[in-house]
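Have a look at the structure below, then the notes.
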Amino acid sequence: MKALLIPFLLFSYFSIAQPSKQLVEVIITPSEADWTYNTGEQAEFTITVLKNKVPITGIEVDYAIGPDHGYRELPFSKQGTINLKNNTTVKAKKVDHSGFLRCSAKVTVDGKEYNSYTTVGFEPERIKPTTSLPKDFEEFWNKGKEELAQIPIEPVLTLMPERCTDKVNVYHVSINNIQGKIYGILTTPKKEGTYPAILHVPGAGIRPYYGEVNESAEGFVSFTIGIHGIPVNLDEGVYRDLRAGALNGYQTFNLDNKDQMYYRRVYLGCVRALDFIETLDKFNGDDIAVTGGSQGGALSIITAGLDDRIDYLAAFYPALSDMTGFLHGRAGGWPQIFVDESTNQQEKIEVSKYYDVVNFARFVKAEGWYSWGYNDNVCPPVSMYAAYNLIEVKKELKVFLETQHWTFPEQREMKNQWLYAKLKQ
């Protein structure tokens, strides 16, 4: 359990935080400006170390080159130590298949260690998944949706006056799910009329939610859900205790039983959130989008794959994509499982296929906007391309090369502009 906790916390942190700048910068620059090569080509990396913006030379650099491995480990194809000079370069071995290659470098300056890495792609548009589609995949999820439809929604909306504004009402919401409840924060414009709706699905973790007041002020019904069946307006201490205790490692709970796997209730809960949106007087009855990042990016694709009521989706770095990657010598999507005896069991591998974003991507009918970075070590790019490449409807991908598991403000602005324009057209 401890082994799972570390990457889980790493995941939760990087999903919201852009790293702060350090005194010494290790910069690894690939020979191709777009960080992308054809298969059969040889990538070359220039390593530069700056202190106070001035290059440092004459120090030793430890470097390693190998397949992108997320935050786990895969064998290096090349490594060594070199003396840093101006324009010091290292060459990778030629790559004969589509995928990603990472060059890492580490230096010690004034007794402190600094490191960095750069990940390059080789024809990523040709990446294929390692997982496969179960024959009864559609039957399994259709049965789940049929069971859900038999359960009354029974929404309970509680106005939160302290969060309301002159333009927006804010409610804490409870609705019935396939098991237990789904809780969330609903925000609606006060102005008379009906509006398009946006469902916000969450990144990994256990936390309170506050809703999207600014979004509703722009003219949208906005519903932000939690996935754990607990109210989303409790004291932070409640969530902290759950993170450390009962819900620690939830992402692999019951991975050996497809009917009891933790995410079954979560995925069907996203469908139930759409059921709820359709009951709202403020909803225009036609236009629904779903959006989120990381686990939320995964849930965006999954919701669109499960339910054709979704018209548009916008996803940052989707997790839970091609999770079997490590069984095939490349990185698997978060939570980066199938790396040891605890998960490398055939029944768990088979169950994962019913919950892998790759297999929902095959059924997406909603136009989509996607964005991630080559350097993402939580949701490795090879895993995300494995899902993205299967989506056959209109889509666009905005790659911000250097980003890890975080976004630039410009990315978020771009996403909002695209999504709002689509819903208002």
**Report entry** Flag for E123-T39: side-chain donor and acceptor within less than 3.5 Å
**Finding:** yes
Query - Pair E25 + K21: basic N to acidic O under 4.0 Å - result: yes
**Report entry** Steps toward side chain to side chain contact (heavy atoms under 4.5 Å, CB included) verdict (V120, V95)
**Finding:** CA-CA 11 Å; V120 297; V95 175; over 6 Å; no
Query raised in the report: For K78, does the NZ atom sit with more than 12 other heavy atoms under 6.0 Å from it, leaving out its own atoms?
Result: yes
**Report entry** Gap between atom CD of E392 and atom NZ of K365 - 0.5 Å precision
**Finding:** 10.5 Å
Report summary line: Nearest heavy-atom contact between G292 and S300 is N-OG, 3.2 Å
**Report entry** 4.5 Å side-chain heavy-atom contact, E60 and V107
**Finding:** no
Query raised in the report: What closest approach, in Å, do S352 and T324 show between heavy atoms, and which atom pair accounts for it?
Result: OG-CG2, 4.0 Å
Query raised in the report: Does the side chain of V201 come within less than 4.5 Å of I225's, by heavy atoms?
Result: yes
Query - Neighbour count >12 (heavy atoms, 6.0 Å) for atom CD, E396 - result: yes
Query raised in the report: With a 4.5 Å heavy-atom cut-off, do I227 and L299 have their side chains touching?
Result: yes
Report task. Apply side chain to side chain contact (heavy atoms under 4.5 Å, CB included) to the pair C103 and V90, showing each step before the final yes or no. Result -> CA-CA 9 Å; C103 178; V90 293; 4.1 Å; yes
Query raised in the report: Do you know the tightest heavy-atom contact between V364 and G305?
Result: CG2-N, 3.9 Å
Query raised in the report: Does the pair F220 and Y420 meet the rule for a ring pair (Phe, Tyr, Trp, His ring centres under 6.0 Å), with working shown?
Result: CA-CA 9 Å; F220 300 96; Y420 294 177; 4.7 Å; yes
Requested in this report: Measure from the side-chain N and O atoms of E236 to the backbone N and O of P208, and report whether any donor-acceptor pair falls under 3.5 Å.
Outcome: no
Report task. May I ask you to say whether D322 pairs ionically with K128, meaning some side-chain N is under 4.0 Å from a carboxylate O? Result -> no
Query raised in the report: So, D68 side chain and G70 main chain: donor-acceptor pair closer than 3.5 Å or not?
Result: yes
**Report entry** CG on L268 to CD on Q179, rounded to 0.5 Å
**Finding:** 9.0 Å
Query raised in the report: Between the main-chain N or O of D340 and the side-chain N or O of S342, is there a donor-acceptor pair closer than 3.5 Å?
Result: no
Query - Main-chain N/O of G205 paired with Y250 side-chain donor or acceptor, under 3.5 Å - result: yes
Query raised in the report: When rounded to the nearest 0.5 angstrom, what is the spacing between CD1 in I277 and CZ in F283?
Result: 7.0 Å
Query raised in the report: Are L390 and P129 close enough that some pair of their side-chain heavy atoms sits under 4.5 Å apart?
Result: yes
Query - Ion pair check, D356 and K353, cut-off under 4.0 Å - result: no
Query - Whether Q42 side chain and A92 backbone form a donor-acceptor pair below 3.5 Å - result: yes
Query raised in the report: Do any pairs count as a ring pair (Phe, Tyr, Trp, His ring centres under 6.0 Å) and have a residue in residues 97-133, sequence neighbours left out, and if so which ones?
Result: Y37-F122, F100-Y374, F100-Y385
Query raised in the report: Of D259, D136, N359, which meets side-chain hydrogen bond (donor to acceptor under 3.5 Å, both in side chains) against Y354?
Result: D136
Report task. Starting from the C-alpha separation in whole Å, work towards a yes-or-no answer on side chain to side chain contact (heavy atoms under 4.5 Å, CB included) for Y183 and Y209. Result -> CA-CA 10 Å; Y183 293 90; Y209 294 96; over 6 Å; no
**Report entry** Atom of P202, atom of G226 and distance for their closest heavy-atom approach
**Finding:** CG-CA, 4.5 Å
Query - Cation-pi geometry met for R243 and Y239 (6.0 Å, 45°) - result: no
Query raised in the report: Does the side chain of T407 come within less than 4.5 Å of Y317's, by heavy atoms?
Result: yes
Query raised in the report: So, for F45 and Y63, is the gap between ring centers shorter than 6.0 Å?
Result: no
Report summary line: In this structure, CG of D287 is separated from CD1 of I310 (nearest 0.5 Å) by 11.0 Å
**Report entry** For R309 against E278, the heavy-atom pair lying closest together
**Finding:** NH1-OE1, 3.2 Å
**Report entry** Pairing residues for K93 by the side chain to side chain contact (heavy atoms under 4.5 Å, CB included) criterion, not counting sequence neighbours
**Finding:** S77
**Report entry** Donor-acceptor pair, side chain of R264 and main chain of W141, under 3.5 angstrom
**Finding:** no
**Report entry** V378 side chain reached by Q404 side chain, heavy atoms, under 4.5 Å
**Finding:** no
**Report entry** pair H228-L242: side-chain heavy atoms closer than 4.5 Å
**Finding:** no
**Report entry** Spatial distance of atom CG (L419) from atom CD1 (I198) [nearest 0.5 Å]
**Finding:** 4.5 Å
Query raised in the report: Mind checking whether Y370 and Y388 have parallel, tilted or perpendicular rings, split at 30° and 60°?
Result: perpendicular
Query raised in the report: Does the S174 side chain pair with the main chain of V156, one donor and one acceptor, at a distance under 3.5 Å?
Result: no
Query - Note: K348-D256 ion pair, threshold 4.0 Å (strictly below) - result: no
Requested in this report: For atom CD of Q425, decide whether the heavy atoms of other residues, nucleotides or ligands shown that lie under 6.0 angstrom number more than 12.
Outcome: yes
Requested in this report: Hey, can you tell me if F223 and F276 have their rings parallel, tilted or perpendicular (30° and 60° cut-offs)?
Outcome: tilted
Query - Donor-acceptor side-chain pairing of Q346 and E350 below 3.5 angstrom - result: yes
Query raised in the report: Does the pair T57 and N86 meet the rule for a side chain to side chain contact (heavy atoms under 4.5 Å, CB included), with working shown?
Result: CA-CA 7 Å; T57 59; N86 289 325; 3.5 Å; yes
Report summary line: dist H328:NE2 -> T131:OG1 (nearest 0.5 Å) comes out at 7.5 Å
Query raised in the report: Hey, is CG on D235 packed in by over 12 heavy atoms from elsewhere, all under 6.0 Å?
Result: no
Query raised in the report: Counting only N and O atoms by type, is there a donor-acceptor contact under 3.5 Å from the side chain of Y355 to the main-chain atoms of K258?
Result: yes
Report task. Evaluate whether atom NZ of K422 has more than 12 neighbouring non-hydrogen atoms of other residues, nucleotides or ligands under 6.0 angstrom away. Result -> yes
Query - Check: R265 main-chain N/O paired with N177 side-chain donor or acceptor under 3.5 Å - result: yes
Query raised in the report: Quick one: does Q411's side chain have a donor or acceptor within less than 3.5 Å of a partner on K398's backbone?
Result: no
**Report entry** Enclosure of K395 NZ (heavy-atom neighbours >12, cutoff 6.0 Å)
**Finding:** yes
**Report entry** Minimum side-chain heavy-atom gap E367-V393 below 4.5 Å
**Finding:** no
Report task. Could you tell me which non-hydrogen atom of P318 sits nearest to which non-hydrogen atom of G297, and how far apart they are? Result -> CB-C, 3.7 Å
